[in-house]
Amino acid sequence: MSKTPITVARGDGIGPEIMDATLKILDAAGAELDIEEIEIGKAVYERGIPNGIEPSAWESLERTKVFLKAPITTPQGGGFKSLNVTIRKQCSLYANVRPCVAYAPFVKTNFPDMDLVIVRENEEDLYGGIEYRQSQDVMASLKLISRPGCERIIRYAFEYARANGRKKVTCMSKDNIMKIADGLFHKVFDEIAAEYTDIENEHMIIDIGTAKVAAHPEMFDVIVTLNLYGDIISDVAAEVTGSVGLGGSSNIGENFAMFEAVHGSAPDIAGKGIANPSGLLLGAIQMLVHIGQGEVAAKIHNAWLKTIEDGIHTGDIYREETSKQKVGTDEFCAAVLERLGQVPSSFTPADYSKAPAGGIKLPPLKTIEPDEKKRVGVDIGLNWDGNADDLAGLMHDCLQPDQNLKLQMISNRGTKVWPNGNPGTFCADNWRLRFLAEDETQEIRTSQVLALMGNMNEAGFNFTKSVMLHSFNGKPGYTVAQGE
Ligand code: NAI
């Protein structure tokens, strides 16, 4: 087997200790790796590099496209950028994959049968960082969801399930509320799920889904969800396993992948030789599967499971009633090395033989016939310190007959306040006015909207944020306001 080039960073705190143990095990198990080392983290930040990674280190990452990363210490104070977010964005790592497994009865947990994987969309949603302060009182964050983004993550979840012998994929969204954005995620899930007849599928609303993960995690196999929900639910799930320190995670892109432990650099125990290397080792096992060395991955995973089963535990998971021997990092590493070639007897042995050689490769995106798009109106945001009826009255002076626009509705914080608003509705200082075509057969021209805005400007109105409204194949591409 030819060697696969990978980039390794030892990180900060316990990083160098756990990376050392991990690399020893990879080497002894016969992983075919050509390792390039780079420096990231605290020392780099302190040299004045605001994102914690030198340009020369980028060259290595661009060459190898596989990154095994130990945790780093993020410096306190402003001016520093998260290295993880930088790498995730620059390398377009669209999938975050986090297995959350209970190791009962050897590691204490309330849910001995828990064995699930969270596949979290990693690039879109509210994480675009597009936020506005629209007025004195009103702030807005923009949630962006794309069809290709949904398709990629959902297909990845199904391919992952297939490659890892998993039986079911559960989609979680909040499409009962966010009908357009989350609605797309659910719709694409149904489309893709239909292609995988060998894998069960189901959809849950994220709130009840999260509650079920906390109370009955054994119900789940693979969960695929949007970025923010995935962020929250993966921490809930990791906590529920009873052993956050045992979590490994991967971040997958089309041409790049990063593998790490879920935990941080644990500065409180750095240099003491007591850190548990398991999280990083499990991350490294995912890496081996990803680069097509599934046999070596299984060999290491089984030796590790056997070590846990034999009760050889580092301090973080050591309990008198469930453990046999309390060990430090080096002794734990030695115990895993001794067991290479053995399989666990209580746990199900790891088997990556179904994993595709060279990792999961997604087919090209589906070709979608474009919908017929028609401009049908505009939502105009205003600062205004009055009431809705007065505002509506003033609008009639700004509308001209040849503009083909009528005032359809005024909302405040998403609730309709005109026409026939409820006088008890609390109104902040930012209002949304919806203008739709008077003659619905005619498309609205931009010049008509500009003319309206020109009149409103003349009348002294203070604009905040405006959005053109479109229909797609005759269906509105916008939601109605609460109460409309
Ligand atoms: P942490 O995960 O480093 O530590 C939390 C607690 O768990 C500590 O008591 C620690 O001793 C223990 N712990 C963590 N990993 C362990 C292991 N492998 N073996 C035994 N005990 C372990 O979280 P904390 O303290 O909030 O963050 C420390 C630093 O790590 C911060 O600078 C934070 O920004 C950074 N961090 C980095 C991450 C990364 O590079 N991916 C992820 C999370 C935090």
Side-chain angles (χ1 to χ4, degrees), residues 7-23 25 38-46 49-53 57 61 67-89 91 93 96-98 100 103 107-108 120 122 230-232 234-235 238-239 241-252 257-287 304 307-308 312-319 323 326-333 335-336:
T7 301
V8 162
R10 288 175 186 264
D12 298 316
I14 58 168
E17 302 161 50
I18 59 174
M19 183 59 86
D20 208 35
T22 299
L23 293 181
I25 296 168
I38 60 167
E39 191 189 18
I40 54 165
K42 197 160 175 264
V44 183
Y45 281 114
E46 284 170 0
I49 313 278
N51 59 11
I53 179 164
L61 293 174
F67 188 20
L68 181 61
K69 172 181 162 290
I72 60 157
T73 303
T74 317
Q76 298 290 312
F80 299 109
K81 287 192 190 137
S82 156
L83 177 63
N84 264 11
V85 175
T86 304
I87 294 177
R88 208 185 289 159
K89 293 213 159 162
C91 304
L93 302 177
N96 178 234
V97 183
R98 262 205 211 185
C100 301
Y103 299 102
V107 180
K108 200 171 173 292
R120 163 189 170 195
N122 225 4
D231 196 356
I232 297 167
S234 54
D235 272 15
E239 189 68 31
T241 60
S243 48
V244 178
L246 301 188
S249 127
S250 50
N251 290 276
I252 309 288
M258 175 170 83
F259 303 85
E260 59 183 342
V262 168
H263 62 73
S265 60
D268 52 334
I269 57 163
K272 294 187 180 161
I274 58 170
N276 187 348
S278 299
L280 186 61
L281 186 65
L282 291 170
I285 290 168
Q286 291 184 37
M287 175 189 79
W304 179 82
T307 308
I308 296 295
I312 300 171
H313 296 166
T314 44
D316 55 313
I317 57 168
Y318 181 87
R319 301 284 176 280
S323 309
K326 188 174 186 175
V327 292
T329 316
D330 289 347
E331 292 159 288
F332 184 83
C333 171
V336 176

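One-based numbering, in listed order, for ligands and for the atoms of each.
I18 places a side-chain heavy atom less than 4.5 Å from the side chain of H263. Side-chain contact check for M19 versus L68: some heavy-atom pair is nearer than 4.5 Å. Between N84 and E260 there is a side-chain heavy-atom pair separated by less than 4.5 Å.
The single protein non-hydrogen atom nearest to atom 25 (O) of ligand 1 is P267 CD, 4.6 Å, given as residue, atom name and distance. Protein heavy atom closest to atom 19 (N) of ligand 1, with residue, atom name and distance, is N276 N, 2.9 Å. The nearest protein atom to atom 39 (C) of ligand 1, hydrogens excluded, is given as K69 NZ, 3.9 Å; this is a heavy-atom distance. Looking from atom 29 (C) of ligand 1 to the surrounding protein, the closest heavy atom is S265 OG, 3.2 Å. Regarding atom 8 (C) of ligand 1, its nearest protein heavy-atom neighbour is D268 OD2, 3.4 Å. Considering only non-hydrogen protein atoms, atom 37 (C) of ligand 1 sits nearest to I72 O, 3.1 Å. Counting only heavy atoms of the protein, atom 38 (C) of ligand 1 lies nearest to G264 CA, 3.8 Å. Protein heavy atom nearest atom 21 (N) of ligand 1, with residue, atom name and distance: I269 CD1, 3.5 Å.
At a distance under 4.0 Å, a protein heavy atom can be found next to atom 15 (N) of ligand 1. Counting only heavy atoms, the protein never gets under 4.0 Å from atom 5 (C) of ligand 1.
Of the inter-residue distances, the one linking T73 atom OG1 with E46 atom CD reads 9.5 Å to the nearest 0.5 angstrom. Considering CD1 of I252 and CE of M258, their distance stands at 10.0 Å, rounded to 0.5 Å. Between the OH atom of Y45 and the OG1 atom of T74 there is a distance of 5.5 Å, given to the nearest 0.5 Å.
Taking both residues in full, the closest heavy atoms of S278 and N276 are given as OG-OD1, 2.6 Å, listed atom of the first, atom of the second, then distance.
Remark: the backbone N or O of G283 is not paired with any side-chain donor or acceptor of Q286 at under 3.5 angstrom. In this structure a side-chain-to-backbone donor-acceptor pair under 3.5 Å is missing from D12 to P71.
Set against the non-hydrogen atoms of T74, the atoms of ligand 1 under 4.0 Å away are 32 (O), 34 (O). Atom numbering of ligand 1 starts at 1 in the shown order; those under 4.0 Å from a heavy atom of A275 are 19 (N). Shown in contact with N84 at under 4.0 Å from a heavy atom are these atoms of ligand 1, numbered in order with element: 41 (N).
Screening N251, V8, I40 against F67 for a side-chain contact (heavy atoms from CB on, under 4.5 Å) leaves a single residue, I40.
Both the backbone and the side chain of T73 come within contact range of ligand 1, each with a heavy atom under 4.0 Å. Neither the backbone nor the side chain of I274 comes within 4.0 Å of ligand 1, counting heavy atoms alone.
At least one N or O atom of A266 sits closer than 3.5 Å to an N or O atom of ligand 1.
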